[in-house]
Each structure stands twice: as C-alpha cells, then as structure tokens.
Amino acid sequence: MHPTTDNRPSLLLAMGRGVPERLLTDTHRTRLTRLADTDPHLVAHDLTAPDTRVAAALAEAEVLLTCWGATPLTAEVLDRAPRLRAVVHAAGSVKHHITDACWERGLRVTSAAAANALPVAEYTLAAILFAGKRVLGSAQRYAELRTDHAWLTESTTWGNYRRTVGIVGASRIGRRVVDLLRPFDLDILLYDPYVDVPPPGVELVTDLDELCARSTVVSVHAPQLPSTYRMIGAAQLAAMPDGATLINTARGSLIDEEALLPHLLTGRLHATLDVTDPDLPPPDSPLYTLPNVLLTPHVAGSLGNELHRMADQALEEVARYARREPFAEEVRASDLQRSA
C-alpha cells in the first residue's frame, strides 16, 4: 500500500492463515482494489509479528478487513495503527478480536453476522423438519431391515403438521429461523427475556420451562454469556415431552450435556447437536454412536462457497465506508453485552 491520492481508504487484510484463499475469489480481490488502496495479496496473519511490510501497511491503514483468526486489536496493536478508523469483519462474532481499546479509540466496527446467520438458520430448518419426520431413526431402521415394512403403522406419531417448535433466543439467527418456518404448518413459541413484542404469528413465552414443556422441538439460538451458561439444564430437559428433539447450533455451553445424556441414553429425547462442550467430544463419548443423536462438527455456519456471501457483505460495507456512508450492519459496544 501507499498513501492514497484519491478517495479510496487505505485497507489491510488481517486474518488467519488459509482463510483469505477460502473467503475471497479473484472477483472479490479485483473489486477490493477498486474500493480501497490495498494489496489484496498482502495478508497480516499476525499483527504483532516483526514483518516490515505488514508494519508499514498497518501504519497507513484506515480500514482493517478481518475474518477468522484475526489478531486481537489490543492497545499495543492499535498504537501501530494511528490512522485506523474502521474494522470490517467478514464473519460473525467480533468478540475474539475487538477489544475495549477499539471502542475507547472510537473505531467503527461492522460484521457479516447477517450473512453467516443464513446457513445456520437453513441447517436449523432442515433439522426441525427432519426431526418431525424422524428421518434419522427411519433411515437407520431401514438400513437394518432392508425389506418391506409397515412404515405407516410405525409412523403414527410422526409428522410436522401443527407441531410446536420452541425457539430459545430472538437472536439474528433465531429470528431468521422464525422467518424460514413461516411457510409451514407449525406453531412457534419464543423465549427471550429481552423481547416484549414477538414477531407476527409467534407466541412469546416468558418461562423457559413452559416453552420446553409445550414444544416437540426446542431449538437454541441464545448468545454465549454468563447468564446463558447451561440455560438448558436438568429442569428444562425434564420438562420436554417424551420423543421431543433438542437442537443446538449456538454454543455447547448453553446446554448441560451431563443432564442431557441420560435422556438420550434411554431414548426419551432426541438431539441434533452441531456444537458441544467441549467443542470436540472425547473419543468415547456416546454422542458419536447414539441412534437418536445427529452430531455434526460445527458445520451449520458458513462453509465452502457460503464464505463468499460473507465476503460480498463485507465488501459492501467497505464500499459504504469509501462513500462515507453509515455501515448497514454496524456493531456497537453495547450490542456485545447480549450477542454472540
């Protein structure tokens, strides 16, 4: 990079190794050079490393384009970036790299959380509909039998007509799930202590135990906060009806897995778990083999070409910044008190 002679802001890419190659296409890189004064192939994997090219680019940068693996922007890092005014994060949560020092220095921050919310909501929609149709169990049973079977007799309690789905958390993803559920003949409950008026067609429930007791599917979309740790615990799990399904695409820490396991071992409850606590269950965990558990390795969020959606949104925000317009998805310090 070099001092700009036009209105394009000086920009530096800062993200983990291997991320830019998956995030940015050649088309993205071309557009980026039109929007900003940048070297789209210079990526700061570690803003604290003694790299003279990175140090020089950081000293000039007005905007950082970050993604997964970005260096935490501590006061020491920001001291080396005197011209920095904005951070555009081409992923979801900014909690891993945006520090108090960023807010103290008045940096503007935006994220592609909205773009990352869509694949999570799509995964959840599929999990809800598959849970009602007992797809996991019927597929396993079909593989065992390998013959004609009286499926209509066995499936008298299956189906998605007028099922009750409980959404825990009116987060960006939770609200997107509600939107995706609208075309279906489902009754939707919502629990969120910060919501006074629910979305149209949704019943707000003020007691989490009540939501669990009334729902045949409970889907968790709350943020990871001290107040949400193990929010789905023994009482909530016991309240869930026999045969109900628990879906977690949020954070593993929101569910008391020690309390959940007995319900899964007996087959009383079913679960779709894209996140666990710890992130990688131990090799002997029954979650890997239980027939009533669909365990996936944190794949609900953006994968493969879905990363390009996040890049598209991030570049739109860079364009807004270059035009001196407000960000469409600005993140403020107060937002992080109850968001992921």
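The residues of the chain are indexed from 1 along the displayed sequence.
Counting non-hydrogen atoms of neighbouring residues, nucleotides and ligands closer than 6.0 angstrom, the CZ atom of R162 exceeds 12 such neighbours. The neighbour count for R323 CZ, taken as heavy atoms of other residues, nucleotides or ligands under 6.0 Å away, is above 12. Annotation: F184, atom CZ; neighbour count of heavy atoms from other residues, nucleotides and ligands within 6.0 Å is above 12. Within a 6.0 Å radius of CZ in R163, more than 12 heavy atoms belonging to other residues, nucleotides or ligands are found. Taking a 6.0 Å sphere around CZ of R146, one finds it holds 12 or fewer heavy atoms contributed by other residues, nucleotides or ligands. The environment of L145 atom CG is dense: over 12 non-hydrogen atoms of other residues, nucleotides or ligands sit within 6.0 angstrom. When the shell of 6.0 Å around CZ of R80 is examined, it contains more than 12 heavy atoms from other residues, nucleotides or ligands. Under a cut-off of 6.0 angstrom, the local environment of OH in Y142 is sparse, with at most 12 non-hydrogen atoms contributed by other residues, nucleotides or ligands.
Residues T228 and A222 approach most closely at CG2-CB, 4.4 Å, considering heavy atoms. When all heavy atoms of Q313 and A114 are compared, the pair lying nearest together is OE1-CB, 3.8 Å. When all heavy atoms are compared, the tightest approach of G243 to H270 is O-CD2, 3.5 Å. Nearest approach of S171 to D192, heavy atoms of both residues: N-OD2, 4.5 Å. When all heavy atoms of E257 and G252 are compared, the pair lying nearest together is OE2-O, 4.3 Å. Scanning both residues, L107 and A86, for their nearest heavy atoms gives CD2-N, 4.4 Å.
Within the 4.5 Å cutoff, the side chain of L254 has no heavy atoms near those of the I232 side chain. Taking the side chain as every heavy atom from C-beta outward, L125 and V177 never approach each other to under 4.5 Å. Annotation: side chain of S253 is in contact with side chain of R230 (closest heavy-atom distance under 4.5 Å). Counting only heavy atoms from C-beta outward, the side chains of R29 and P20 approach each other to under 4.5 Å. Side-chain contact check for L11 versus P9: every heavy-atom pair is 4.5 Å or farther apart. Contact annotation: the side chain of H149 approaches that of R141 to within less than 4.5 Å [non-hydrogen atoms, C-beta and beyond]. Put simply, the side chain of L23 does not reach to within 4.5 Å of the side chain of W68, judged on heavy atoms. At a threshold of 4.5 Å between non-hydrogen side-chain atoms, the residues L265 and P286 count as touching.
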- Check against side chain to side chain contact (heavy atoms under 4.5 Å, CB included), T48 and T74: CA-CA 10 Å; T48 66; T74 62; 5.9 Å; no
- Checking side chain to side chain contact (heavy atoms under 4.5 Å, CB included) for the pair V331/V87: CA distance, chi angles, key distance, verdict? CA-CA 10 Å; V331 179; V87 179; over 6 Å; no
- Query: Can you list the steps and then say if N116 with S302 is a side-chain hydrogen bond (donor to acceptor under 3.5 Å, both in side chains)?
  - Reply: CA-CA 6 Å; N116 192 48; S302 297; 2.7 Å; yes
- Task: Any chance you could lay out the side chain to side chain contact (heavy atoms under 4.5 Å, CB included) test for R182 and V178, step after step, and finish with the verdict?
- Result: CA-CA 7 Å; R182 291 192 186 285; V178 168; 3.7 Å; yes
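Between R8 and E62 there is no salt bridge, since no side-chain nitrogen of the basic residue lies less than 4.0 Å from a carboxylate oxygen of the acidic one. Salt bridge absent: R309 and E306 never bring a charged side-chain N and a carboxylate O closer than 4.0 Å. Between D79 and R105 there is a salt bridge, since a side-chain N of the basic residue sits under 4.0 Å from a carboxylate O of the acidic one.
Annotation: the span from T71 atom OG1 to H96 atom NE2 amounts to 14.0 Å, rounded to 0.5 Å. Rounding to the nearest 0.5 angstrom, the gap separating the CZ atom in R268 from the CG atom in L237 is 8.0 Å. Remark: F327 CZ to R332 CZ distance equals 11.0 Å, nearest 0.5 Å. Atom CG of residue L136 and atom OG1 of residue T272 lie 7.5 Å apart, to the nearest 0.5 angstrom. In this structure, CG on L24 lies 7.0 Å from CG on L315, to the nearest 0.5 angstrom.
The aromatic rings of H89 and H97 are tilted relative to each other, their planes meeting at an angle between 30° and 60°.
Linking ILVMFWY residues whenever their side-chain heavy atoms come closer than 4.5 Å, directly or via other members, leaves V135 and W158 in distinct clusters. Linking Ile, Leu, Val, Met, Phe, Trp and Tyr whenever their side-chain heavy atoms come within less than 4.5 Å leaves I167 and L269 in two separate clusters. Hydrophobic cluster membership is shared by W103 and L73, with clusters built from Ile, Leu, Val, Met, Phe, Trp and Tyr side chains linked at under 4.5 angstrom. Note on L186 and F130: separate hydrophobic clusters, where clusters join Ile, Leu, Val, Met, Phe, Trp and Tyr whose side-chain heavy atoms are under 4.5 Å apart, directly or indirectly. Residues L181 and L246 fall into different hydrophobic clusters, defined by Ile, Leu, Val, Met, Phe, Trp and Tyr side chains chained together at heavy-atom separations under 4.5 Å.
Judged by distance alone, with hydrogens and angles left aside, the side-chain atoms of Y288 form a donor-acceptor pair with the main-chain N or O of P281 at under 3.5 Å. At distances below 3.5 Å, at least one donor-acceptor pair connects side-chain atoms of T33 with backbone N or O atoms of T30. Panel note: side chain R53, backbone D51; no donor-acceptor pair is recorded below 3.5 Å.
For T296 and Y123, the side-chain atoms include at least one donor-acceptor pair closer than 3.5 Å.
Exactly one residue among D277, L260, V275 makes a side chain to side chain contact (heavy atoms under 4.5 Å, CB included) with I255. That residue is L260.
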Under 3.5 Å, which donor-acceptor pairs do the side chains of residues 194-204 form with other protein atoms, sequence neighbours left out?
residue, atom, partner, partner atom, Å
E203, OE1, R214, NH2, 2.9
E203, OE2, R214, NH1, 2.9
E203, OE2, R214, NH2, 3.4

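In this structure, R108 fails the cation-pi test against Y321, since its NZ or CZ atom is not both closer than 6.0 Å to the six-membered ring centre and inside 45 degrees of the ring normal.
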